[in-house]
Amino acid sequence: MIRKIGLFQNLLEKYKIEKPVSADAQKYIFAARSETIKSVLSAYGEFGIGYKMLVSFNILTRRIGIRTSIAWSRFILAGIALTMAGIIAAGAYLSLKHFQKHMDRDRLPFIQGEQIAGAGKNDKPDAKGDTFKGNSPGNESSYRLGVERFSGVEEKTVNDITDKIISGITDLLGKNPVIDLRGARDKNVKMIVMGSSRSLAGRIIITAKLVDVETGRILLTEQETVDSPAETGPACSKISKKIVDRLE
Amino acid sequence: MLDVKNKKDLFTEVYLDYYPLVFSSVLTKIDHLDDARDICQEVFMIFYEKMNEIENHRPWLIGTLRNVVLRYYQKKRSDIDNIDDIEFTFVNGEREARMIIKEAIEHAKCDDIDRLMLDLIAVHKFSYNTVAGLLGLTRRQVEYRYGQVVQRILDHLRDKGIKDLSGLL
C-alpha cells in the first residue's frame, strides 16, 4: 500500500495536481481556524462566551482524535459542567458540615472552669514535675474529658464499671461534665479516662488511667481491688474522686 | 429552513472541517497568509448567509473561493479574468492524462471526510498527524482511510484502462 501511495503521489506531482502548503502555513491555518470563526460569527452576533467554549471544546476533542458533532459537544460540556457543579456543591456541603461539626463540638458539654474547684490551676506540675500544657485558665476545652469503655471479659461488669466512673465524675463536677465515648461519633477530647476490669482469684481489679490525648502521657493511674461486683460502686467513686482531684 | 441554533451548529461543523481546505486552496492561489485569511473569512461569511440554500458544501465552497479570489485579483489587476490556467501548460497528451487523474479523484467513492483527507494529504501535503488533529480522527484512522481512498482511485484508473501507473509517470 505504501508503494501505491508513493506512485499516486508521484502522479499528482508530475501533473501538478498537488499544491503543497508549507509546514509554517499549516501551523498558521491551525491557529487561524479558531480566530476566524470568532470573526465570522461575531459579525452576526452569534459568538458568545458559551459558544466560544463549545467551539474550543470541539476543537480540543478533535485534536485528541475524537470527532464529535457540536450538539454532542454541547451535551458533553453540559455534563462536565453539571458534574463540576455537583462536586463544588458537595465540597461546599461537606465543608459546611465540617464547620458545623466544629461549632457543635464547641457547644458539647465541657467541664466548666467554674465547676471545677481550682479552675485556672491547670498549669500545675504533674507527677513528673512537668507543667500540664493546657489552655489558659477558664478555657473549657482544656478540660474536655471523655470516658472510654473499660476493657474486660465480662460485658456486664465492664459496662457497669464504665457507667459508675462516668456517673462518679459527673456527681463531682456537676451537670454534663464528661463525654461517654462508647459509640460516640465525636471523640475529639483533650483527656480520656480508660481502664480495665480483671477477675483474679475471685477478686475484681479495676484499673483506670487518665490520659492526655495530645501528648499520650498518662496523667494518673488508679487501681482498686474488690471482692465482688456489688463492691464496685464505692471503688469507682474512689477512682472518680482521684481523677477529679488530678484534673484540679 | 434551519433555526438559528441548528444553523450555527451546522456552520461550525462545516467550518471546522473545511477551513483548512479553503485556506490552503486560497493560499496556493494568492500566496499571502493574511490576505488568504481575509478571503477565507469572506468565503465563510457568504457561506453562513446562504447556508440554507446549499446542499453540497465542498463544491460550493470551492466555487465561491474561486470567485472571491478572482475579485481579489481583479482589484489588483483589471486584466485577469481566469485564475486557473494550469491546464494550458500541459501539451502532447499530458493534459488528457491530467484530466483522467482528476476525474478519477472526483469519481472515487469518497464520503466528505475521505475527500477532505485526500485534498489535504495528497494535494496540500498535510501530514497524517495534522489531518487527524483537524478532522478529529486518530493518525491510524487517517492512514488507513487515506490508503483506502488511494486504492479506490487506482482501481478507477485501472477500470479506465490504465493498468500500469508507471506508464503515466
Side-chain angles (χ1 to χ4, degrees), chain A residues 1-48 51-52 54-56 58-74, chain B residues 4 6-13 15-16 19-20 23-25 27-29 33 36-37 40-41 44-45 47-49 86 89-90 94-95 97-98 101-102 105 113 120 122-127 130 132-141 146-148 150-151 153-154 157 165-166 168-169:
Chain A
M1 180 51 74
I2 293 170
R3 199 183 75 85
K4 284 179 181 173
I5 290 173
L7 271 174
F8 178 66
Q9 287 296 154
N10 289 341
L11 270 182
L12 300 187
E13 192 179 349
K14 180 177 179 186
Y15 292 98
K16 297 207 181 329
I17 293 170
E18 65 172 26
K19 294 160 188 169
V21 173
S22 70
D24 286 343
Q26 287 181 26
K27 279 182 196 160
Y28 184 91
I29 293 168
F30 219 98
R33 191 168 63 152
S34 309
E35 290 300 314
T36 307
I37 191 170
K38 184 182 165 189
S39 308
V40 174
L41 287 178
S42 296
Y44 297 96
E46 301 284 356
F47 201 74
Y51 205 73
K52 184 181 176 183
L54 187 62
V55 172
S56 301
N58 192 276
I59 290 174
L60 184 74
T61 56
R62 280 170 180 247
R63 278 187 190 175
I64 57 172
I66 302 168
R67 185 177 173 81
T68 52
S69 66
I70 293 294
W72 263 105
S73 293
R74 185 180 284 117
Chain B
V4 175
N6 286 336
K7 183 181 174 184
K8 196 163 67 171
D9 287 359
L10 179 62
F11 170 80
T12 304
E13 284 170 20
Y15 170 88
L16 290 176
Y19 183 80
F23 198 118
S24 301
S25 302
L27 195 60
T28 55
K29 287 177 171 58
L33 281 170
R37 186 172 168 166
C40 266
Q41 189 171 323
F44 278 103
M45 284 177 100
F47 176 73
Y48 188 76
E49 283 169 7
I86 199 165
T89 61
F90 290 91
E94 286 197 342
R95 190 187 301 165
R98 186 172 194 269
I101 296 164
K102 286 187 90 174
I105 291 171
I113 299 298
L120 292 174
V123 180
H124 296 300
K125 297 281 188 182
F126 279 63
S127 68
T130 308
L134 287 168
L135 298 180
L137 300 168
T138 62
R139 188 189 186 281
R140 273 173 162 273
Q141 285 173 319
Y146 179 63
Q148 296 295 308
V150 170
Q151 184 61 56
I153 292 168
L154 299 183
L157 286 172
L165 280 180
S166 52
L168 284 173
L169 286 169

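Letters A, B, ... mirror the listed sequences (proteins, then strands); counts begin at 1.
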Exercise for the section: Could you check which of B:Ala36, B:Gly147, B:Cys40, B:Ala122 has the highest count of heavy-atom pairs closer than 4.5 Å to chain A? Expected result: B:Ala122
Handout entry: Interchain contact, A:Leu41 with chain B, by part (heavy-atom threshold 4.5 Å)
Key = side chain
Problem - side-chain contact (heavy atoms from CB on, under 4.5 Å) between A:Tyr44 and B:Glu49, worked out - result: CA-CA 9 Å; A:Tyr44 297 96; B:Glu49 283 169 7; 2.6 Å; yes
Fill in the blank from the handout: The interface call for B:Ile105 against chain A, heavy-atom contacts under 4.5 Å, is side chain
Practice task
Determine the option with the most heavy-atom pairs under 4.5 angstrom with chain B, choosing from A:Ala43, A:Ala23, A:Ser39.
Solution key: A:Ser39
Exercise for the section: Against chain B, label A:Ile29 side chain, backbone, both or neither, depending on which of its atoms sit under 4.5 Å from a heavy atom there. Expected result: both
Practice task
Mind telling me whether B:Tyr19 and B:Phe44 have parallel, tilted or perpendicular rings, with 30° and 60° as the class edges?
Solution key: tilted
Practice task
Examine distances only and state if a side-chain atom of B:His124 and a backbone atom of A:Pro20 form a donor-acceptor pair shorter than 3.5 Å.
Solution key: no
Exercise for the section: May I ask you to name which of B:Leu27, B:Leu154, B:Thr12, B:Thr138 has the most heavy-atom pairs under 4.5 Å with chain A? Expected result: B:Thr12
Handout entry: Check: B:Arg139 side chain, B:Ala132 main-chain N or O, donor-acceptor pair, under 3.5 Å
Key = no
Handout entry: B:Ser24, part contacting chain A, at a heavy-atom distance under 4.5 Å
Key = both
Exercise for the section: For residues A:Val40 and B:Met45, report the shortest heavy-atom separation together with the two atoms involved. Expected result: CG1-CG, 3.8 Å
Fill in the blank from the handout: In terms of heavy-atom pairs under 4.5 Å with chain B, the winner among A:Glu35, A:Arg62, A:Arg74 is A:Arg62
Handout entry: chain A interface, residue from B:Leu120, B:Thr130, B:Leu157 that has the most non-hydrogen pairs under 4.5 Å
Key = B:Thr130
Exercise for the section: Measure from the ring center of B:Tyr48 to the ring center of B:Tyr15 and say whether it is less than 6.0 Å. Expected result: no
Problem - Per-residue contact mode, A:Asn58 against chain B (heavy atom under 4.5 angstrom) - result: side chain
Fill in the blank from the handout: So CG of B:Leu16 and CD1 of A:Ile70: to nearest 0.5 Å the spacing works out to 6.0 Å
Problem - Heavy-atom donor-acceptor pair, A:Tyr51 side chain to B:Lys8 backbone, under 3.5 Å - result: yes
Completion exercise
Under 4.5 Å to a heavy atom of chain A? For B:Phe11 that would be side chain
Handout entry: Any donor-acceptor pair under 3.5 Å from A:Gln26 side chain to B:Lys125 backbone
Key = yes
Problem - Under 4.5 Å from a heavy atom of chain A, the part of B:Phe126 involved - result: both
Practice task
Quick one: which of B:Leu134, B:Ile113, B:Ile101 has the most heavy-atom pairs under 4.5 Å with chain A, could you say?
Solution key: B:Leu134
Practice task
Would you mind checking which part of A:Gln9 comes under 4.5 Å of any heavy atom in chain B, side chain (CB onward), backbone (N, CA, C, O), both or neither?
Solution key: side chain
